[in-house]
Amino acid sequence: MKKSRLFQRNHILFLFTLPIVIMYCVFFIVPLLMGMKNSFTDWSGTSPEYDFIGIQNYIDIFQDERFRNALIFNFKYTILLTVGTVVISLIIALILNQKLKGRTFLRSIYFLPAILSLVTVGLIWNELFYRVTPMIGEATGLKIFESSWLGDPKLAMYAILIVNLWQGCATPIVLLIAGLQSVPQDLYEAAQIDGANAWDRFKSITVPYLIPVLNIVIVTSVKAGLTTFDYIKAMTDGGPMQATESVGILIYNHAMQEGKFGYSVAESMILFVIIALVSVLTMRMTNNKKVGD
């Protein structure tokens with residue numbers, strides 16, 4: 001009787017999850033399989049006729065210097081974005097977690113960028129870089145601000161990174177504040193009585209309790225860096241001189257502008273594998289430590 005009830009209960013629970021499973025298959029598994037098929041073709045994206053060419057697309061991609069440069073850009077951008085997000089978000093979260101006047105208002109202000117669309121933010125900052133930066137250079141006499149960073153191949157990536165950090169740190173700040181508030185105050189008091197200074201308390205108490213939140217922040221930052229598209233599309237479109245051409249922009253250009261849809265799908269498959277491997281590696285590295293270690 002108990003087994004029958006258990007089977008019936010599991011059956012009902014499965015029916016509740018069935019719509020989600022169906023949607024997941026329709027909107028993820030099926031497109032993924034179709035993309036894998038198209039990656040072995042020379043389909044232009046518009047022509048009804050195409051030929052299967054096997055792994056030729058993948059061979060060409062690994063020999064493509066443009067793809068390698070885009071991948072190098074993604075890795076550089078991801079490292080800077082992840083480190084910047086963790087450091088800046090943690091510092092601001094520690095400040096906002098203090099007993100400050102108007103800290104609720106300040107938290108709202110810091111979260112405001114998160115509700116804006118990426119393209120809108122990119123277009124706003126695009127105008128700021130083109131109009132305000134030269135004014136700063138003229139007022140201060142600093143050569144680095146004489147012209148827009150977006151027009152300089154050496155500085156364009158850092159301009160986009162600043163914008164990404166400005167908006168991308170909003171959610172991690174909220175998560176880290178929640179993590180800081182979960183740390184038992186008794187531990188701080190006991191450590192202070194034992195003579196531990198502020199750095200020791202931060203290293204031995206705060207950081208271990210923030211590890212679960214930091215795991216989320218690091219993984220999401222890595223994914224955001226490897227898949228960056230909106231900011232670049234709105235601000236530089238991969239320029240100047242392909243200095244900010246990420247893999248996402250390259251895939252878009254090959255598919256929509258150059259008529260190499262099968263080739264672009266193969267690039268997206270490679271990017272998918274890279275993101276999966278980096279995410280698994282990142283989670284394993286960050287999960288080595290737990291609270292109390």
Side-chain angles (χ1 to χ4, degrees), residues 27-85 118 152-161 164 218-286:
F27 293 105
F28 182 79
I29 300 298
V30 173
L32 179 62
L33 295 176
M34 292 176 63
M36 291 178 63
K37 184 200 75 170
N38 291 329
S39 70
F40 297 106
T41 70
D42 61 355
W43 187 34
S44 65
T46 56
S47 174
E49 298 180 357
Y50 57 86
D51 297 321
F52 284 92
I53 57 175
I55 61 172
Q56 188 59 46
N57 282 332
Y58 293 93
I59 295 174
D60 293 341
I61 288 170
F62 286 111
Q63 295 177 347
D64 189 353
E65 184 179 359
R66 188 177 173 188
F67 180 82
R68 289 198 299 269
N69 292 336
L71 197 60
I72 291 171
F73 170 85
N74 270 82
F75 280 119
K76 287 181 180 179
Y77 187 86
T78 299
I79 292 171
L80 293 173
L81 178 65
T82 303
V83 174
T85 299
L118 303 183
D152 190 331
K154 296 181 180 179
L155 298 175
M157 182 185 72
Y158 299 101
I160 297 171
L161 182 66
N164 200 341
I218 291 173
V219 171
T220 54
S221 297
V222 168
K223 178 180 176 295
L226 291 174
T227 59
T228 181
F229 177 85
D230 303 77
Y231 296 112
I232 298 175
K233 187 63 180 176
M235 299 176 71
T236 64
D237 199 19
M241 299 171 58
Q242 298 180 350
T244 60
E245 187 174 59
S246 65
V247 177
I249 293 292
L250 183 61
I251 292 171
Y252 175 85
N253 290 337
H254 279 155
M256 301 301 177
Q257 297 181 4
E258 301 178 23
K260 300 164 65 176
F261 195 86
Y263 190 84
S264 68
V265 173
E267 290 175 322
S268 66
M269 290 293 108
I270 294 174
L271 181 61
F272 171 78
V273 173
I274 292 173
I275 292 173
L277 292 175
V278 172
S279 297
V280 171
L281 180 62
T282 303
M283 292 183 68
R284 286 189 176 182
M285 291 176 61
T286 55

*With the side chain counted from C-beta on, respond yes when Phe67 and Glu267 share a heavy-atom pair under 4.5 Å apart, and no when they do not.*
yes

*Contact check, side chains of Thr78 and Lys223, non-hydrogen atoms, under 4.5 Å*: no

*Is any side-chain heavy atom of Ser268 closer than 4.5 Å to a side-chain heavy atom of Val265?*
yes

*Under 4.5 Å between any side-chain heavy atoms of Phe52 and Asp42, yes or no?*
no

_So, using side-chain hydrogen bond (donor to acceptor under 3.5 Å, both in side chains) as the criterion, who are the partners of Asp64 when residues are at least two apart?_
Tyr263

_I need the Met157 CE to Phe73 CZ distance, nearest 0.5 Å._
6.5 Å

*Output the distance between atom CG (Asn164) and atom CG (Leu81), rounded to the nearest 0.5 Å.*
4.5 Å

_Closest approach of Ile251 to Ser264 (non-hydrogen atoms, all atoms of both residues)_ = O-CB, 3.5 Å

*Do the ring planes of Tyr50 and Trp43 sit parallel (below 30°), tilted (30 to 60°) or perpendicular (above 60°)?*
tilted

*asked:* If you compare all heavy atoms of Ser39 against all heavy atoms of Asn57, which two are closest, and at what distance to 0.1 Å?
replied: O-ND2, 2.9 Å

*Could you grab the distance from atom OG of Ser246 to atom NZ of Lys233, nearest 0.5 Å is fine?*
10.5 Å

*Work out which heavy atom in Met241 is nearest to a heavy atom in Pro153; give both atom names and the distance.*
SD-CG, 4.0 Å

_Distance check, rounded to the nearest 0.5 Å: His254 atom NE2 versus Ile61 atom CD1?_
8.5 Å

*Roughly how far apart are Asn69 CG and Leu250 CG, rounded to 0.5 Å?*
10.0 Å

*asked:* Is the shortest side-chain heavy-atom distance between Phe75 and Leu226 below 4.5 Å?
replied: yes

*Of the non-hydrogen atoms in Asn74 and Val247, which two are nearest, and what is the gap between them?*
OD1-N, 2.7 Å

*Is Glu258 salt-bridged to Arg66, going by a charged N under 4.0 Å from an acidic O?*
yes

*Taking atom CD1 of Ile55 as the centre, report whether more than 12 heavy atoms of other residues, nucleotides or ligands fall under 6.0 Å from it.*
no

*Please test Thr41 against Asp51 for side-chain contact (heavy atoms from CB on, under 4.5 Å), starting from the C-alpha separation and ending with a verdict.*
CA-CA 5 Å; Thr41 70; Asp51 297 321; over 6 Å; no

_Test log, rule side-chain contact (heavy atoms from CB on, under 4.5 Å), inputs Phe62 and Ile270_ = CA-CA 10 Å; Phe62 286 111; Ile270 294 174; 4.0 Å; yes

*Hey, mind stepping through Leu161 and Tyr231 against side-chain contact (heavy atoms from CB on, under 4.5 Å) and telling me if it holds?*
CA-CA 9 Å; Leu161 182 66; Tyr231 296 112; over 6 Å; no

*Non-hydrogen atoms of Ile232 and Ile249 that approach each other most closely*: CG2-CG1, 3.7 Å

*Please report the closest heavy-atom contact between Ala255 and Phe261, naming both atoms and the distance.*
CB-CD1, 4.0 Å

*Partners of Phe28 by side-chain contact (heavy atoms from CB on, under 4.5 Å), sequence neighbours excluded?*
Tyr24, Leu32, Phe272

*Stepwise, does the side-chain contact (heavy atoms from CB on, under 4.5 Å) test hold for Gln257 with Tyr252?*
CA-CA 8 Å; Gln257 297 181 4; Tyr252 175 85; 4.0 Å; yes

*Between Tyr58 and Phe40, is the ring centre distance below 6.0 Å?*
yes

*asked:* For Val222, run the side chain to side chain contact (heavy atoms under 4.5 Å, CB included) check against Val278, Ile275, Ile79, Thr85 and tell me which one passes.
replied: Val278

*Assess whether atom CD of Glu65 is packed by more than 12 heavy atoms of other residues, nucleotides or ligands within 6.0 Å.*
no

*Once you round to the nearest 0.5 Å, how far does OG1 of Thr244 lie from CG of Leu155?*
12.0 Å

